[in-house]
Amino acid sequence: MRRLIIANWKMYPENARDATKLFLAVERRLGRGVGAEVVIAPPFPYLASLPRGTKTIRGAQDVFWERYGAFTGEVSGSILKSFGVKYVIVGHSERRTHLGETDMMVNKKLRHALAVGLRPILCIGERKRDADGVFFAVLKKQIQEDLTKVQKSLIARVVIAYEPLWAISPGRPTGPRDANEAILFIRKVIAQLYGLRAARTIRILYGGSVNAKNASEYFKEREIDGLLVGKESRDPREFIKIVQCAKAAS
Ligand code: PGA
């Protein structure tokens, strides 16, 4: 399976000019035969100012759950689609933590994204890792709630990103083995909900302090289909090295 790499720019760069510079640097360096599907998720306004990529796919960092209406400040999936967006991140831990997003809200966003034909990237992850494995129950609950009423026929369009909060920068990354184990567990939960085939085909990524030095270790793990990269996606050189690791591993 082709690896999937998401660049989550978060609220960077500080202006449209720098965003274009960064975007063009990534596109220029990507080269041919990338060996991975590369998605760039910039802040919303840059969707309008960035040129269309030829080697990268457009993503967004959030979406609202209604198509249109009196929802000041929100952006619907239909609006995102009209800017060429294909993937959208939902339930990122920074939104859950700083903006009070609940699993119910994440579920609505995810279902709206699917309804308009976007591919949601559902972020889940525990706050703390405990020796007794309570965090597995946390992950299971998030999956169950965030995927409520999502039909089996649509589950293959969902991407899950396992992003433990403590590993997001400036954290310390989850070791590749531990990330693999957690992702295997996520597949088991998907199997219980949607069957074995869905569990095998759904793409599950790891995210949290990934960099050019550790990326290849994650690509070696069987269950990890790709990476969600925050901080290091804003440095074109480092980001390209991460993408090249995927190529080397394929
Ligand atoms: P990081 O961010 O790579 O900077 O840890 C990952 C994320 O928050 O998506």
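Numbers here are sequence positions counted from 1. Numbering of ligands and ligand atoms starts at 1, following listing order.
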List every atom of ligand 1 that sits less than 4.0 Å from any heavy atom of N8, numbering the atoms from 1 in the order shown and giving each element. 9 (O)
Could you tell me the residue and atom name of the protein heavy atom closest to atom 2 (O) of ligand 1, and the distance to it rounded to 0.1 Å? K10 NZ, 3.2 Å
For the pair K109 and D103, find out whether any cationic side-chain nitrogen is under 4.0 Å from an anionic carboxylate oxygen. no
Taking the inter-plane angle between the rings of Y218 and Y206 on a 0 to 90° scale, is it parallel (under 30°), tilted (30 to 60°) or perpendicular (over 60°)? parallel
Taking side-chain contact (heavy atoms from CB on, under 4.5 Å) as the criterion, tell me which of I121, L80, I40 meets it with Y87. I121
Between D225 and R187, does at least one N-O distance fall below 4.0 Å, as a salt bridge requires? yes
With heavy-atom distances below 4.0 Å as the criterion, list the atoms of ligand 1 near G208. 5 (O)
Does K86 reach the side chain of R58, with side-chain heavy atoms less than 4.5 Å apart? no
Counting from 1 in the order shown, the ligand 1 atoms closer than 4.0 Å to a non-hydrogen atom of E163 are 6 (C), 7 (C), 8 (O), 9 (O)
Under 4.5 Å between side-chain heavy atoms, hopping through other hydrophobics if needed: is there a path connecting L114 to I124? yes
Numbered in order shown, the ligand 1 atoms found under 4.0 Å of a heavy atom of L228 are 9 (O)
So the atoms of ligand 1 within less than 4.0 Å of a heavy atom of K231 turn out to be 1 (P), 3 (O), 4 (O)
Got the closest protein heavy atom to atom 1 (P) of ligand 1, with its distance? S169 OG, 3.5 Å
Tell me whether G230 has any N or O atom under 3.5 angstrom from an N or O of ligand 1. yes
